[in-house]
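Working notes, structure below.
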Amino acid sequence: MTEEQRQSEQEETFSSVSLATRDIHLAFGDNRVLRGVDLDVEKGRTACVIGPSGSGKSTFLRTINRLIEPDKGDVLLDGVSVLDRDPDRLRQQVGMVFQQFNLFPHMNVLRNLMLPLRRIRKLSADEAEQEARHQLELVGLADKAGSRPGHLSGGQQQRVAIARALAMRPQVMLFDEATSALDPELVKGVLSLMADLSKQGMTMVVVTHEMGFAREASDVVVFLDQGVAVESGPPEKIFDAPDSPRLRQFLSDVL
Amino acid sequence: MDQLTTLWDTFFNWQSMRQALPDMLKTGLPNTLILSIISALIGTVLGMLLAMAGTSRHRWLRWPARVYTDIFRGLPAVVTILLIGVGLSQIGMKVWGPNPYPLGILALSLIATAYIGEIFRSGIQSVDPGQLEGSRALGFSYSAAMLLVIIPQGIRRVLPAWVNQLIALIKDSSLVYFLGLAAGQRELFRIGQDAAANTGNESALLLAGIFYLVLTVPLTHFVNFVDHRLRQGRRTRTGPPNADEVLMVAGETPLPATSEGTK
Ligand SMILES: Nc1ncnc2c1ncn2[C@@H]1O[C@H](COP(=O)(O)OP(=O)(O)O)[C@@H](O)[C@H]1O
Ligand SMILES: [Mg+2]
């Protein structure tokens, strides 16, 4: 695909790809955190991962972009294993959004976006600034370009973090409890931005405690418990007719 | 009454001070500045490298950094200066001739490296691990993330401690006196000391002390200013950002913000 084609395609939608994990295992010492996790997300679809705290959700997300190397198993993008690719290149194509935003506090918002655009996508200063402002506009924060992250609300910071990740033109986006650190009144704005991305055809894996979002915005929901994908399926099935007792217990605890 | 006059004369004999003043200005002050500034520059650069080694993922870099720091922080400055200045003087004589400055500066730099390295290391390690994870998730390599994101943040935090170290360096520069200085090589302390010995009162030494205070007290206040600024968080700046974000620490911090404030 040429650069122009990719650019024009990017305007409204994304050049996303399908994502699959196969039998992912990972242990921290004796602690077997992931014990064979499979996930299938079709191109442009959204999967939500739910489960109790400590069940391995964050760890699982990090094995997808190889922030943590799995002990065993494979991750496939568009059917191709990522394990023999350069991890830095891979992470550019798999965007990730964190609970704590992880914006660079010593740079203003514009520079937060421009730094990776210049250093990773190797854009010129002008191109990078243009692209950064464009991405900020898409998340409705063009007027915050000159502000430090610390001067923004949590919701605004998270939208900047999403814009920064999208500026890398990822093919897949991972969200690790993106709204858990936000004040309740700010959650909605971030969730609706995520729902928009989902509608526009981004392939997404979303770890969330927002069951409303999981029900409304996802195509598939995975219930992870003690490192095992105990149950997965379309949201109606998972929320309205759960099979396993553990999922039923979990849902009655959180809903 | 007589004793009080003598006591006063011991410290505040204007005549002795006036006699020492030209040497202090023309010889002592420049020499003290040469010793401290060059050592500060070398100590800061090497300290940066030491901190990077000390925070490395590789044990074979961390371990030597640890040993170096322990040794040069653990020894009294005067011992290090004598060991290096006297111990290597044979070699120094061949390379530079009979000038104690290169070895004195070397010793001061090596000491400063250990302290400054430790200051930078603690700064780097105090940065939230999420910053590294966030950078790597964008596609930065480990070294790029360290250089562009982690180290600049870590150093900002410890700038006050770094300035404190520069103050210590100015004071420690007086210790090169132990290496034996020719007339033109004397720094502030030595000139004060010589004059005190000649006049039989301590006034010139007191004058040297005043010179040190003139150098160090503004720095102390500069530390407080920097510290305050870092705590407040600097205002945002208008205008297009600079091309490079690399280690803007030194250049950026003292700049008064041409601020648009925050909206
Ligand atoms: N870096 C780590 N080192 C050791 N243990 C870890 C690490 N990260 C997570 N764990 C452990 O792995 C388990 C799963 O953690 P995590 O993936 O964060 O769960 P979740 O995101 O579902 O709450 C927990 O028992 C946690 O203590
Ligand atoms: Mg988690």
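Quick caveat: nothing in here was measured; it's all calculated off a predicted structure.
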Expected list for residues 122-132 of chain B: side-chain donor-acceptor pairs under 3.5 angstrom, two or more places apart:
from, atom 1, to, atom 2, distance (Å)
Ser122(B), OG, Ile119(B), O, 2.9
Gln125(B), OE1, Arg121(B), NH1, 2.4
Ser126(B), OG, Gly123(B), O, 2.7
Ser126(B), OG, Arg157(B), NH1, 3.1
Asp128(B), OD1, Gly130(B), N, 2.8
Gln131(B), OE1, Gln153(B), NE2, 2.8
Gln131(B), NE2, Leu103(A), O, 2.7

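By the 6.0 Å contact criterion, CZ on Arg89(A) is open, its count of non-hydrogen atoms from other residues, nucleotides or ligands being 12 or less. Annotation for Trp96(B): atom CH2 counts as buried by contact number, over 12 foreign heavy atoms lying within 6.0 Å.
Taking all atoms of both residues into account, the shortest heavy-atom contact from Gly134(B) to Phe98(A) is CA-CE1, 3.8 Å. Here the closest heavy-atom approach between residue Arg119(A) and residue Leu148(B) is recorded as CG-CD1, 3.7 Å.
By the 4.5 Å heavy-atom criterion applied to side chains, Phe104(A) and Ser135(B) are counted as neighbours. The closest side-chain heavy-atom distance from Glu133(B) to Met96(A) is not below 4.5 Å. Looking only at side-chain heavy atoms (C-beta outward), Arg164(A) and Leu138(B) come within less than 4.5 Å of each other. Side chains of Ile120(A) and Phe140(B) form a contact here, defined as non-hydrogen atoms less than 4.5 Å apart. When side chains are defined from C-beta on, Asn65(A) does not count as touching Arg136(B), because their heavy atoms never get closer than 4.5 Å.
Proximity to chain B is absent for every atom of Val97(A), based on heavy atoms less than 4.5 angstrom apart.
Comparing Gly150(A), Pro105(A), Ala167(A) by how many heavy-atom pairs each has under 4.5 Å with chain B, the most go to Pro105(A).
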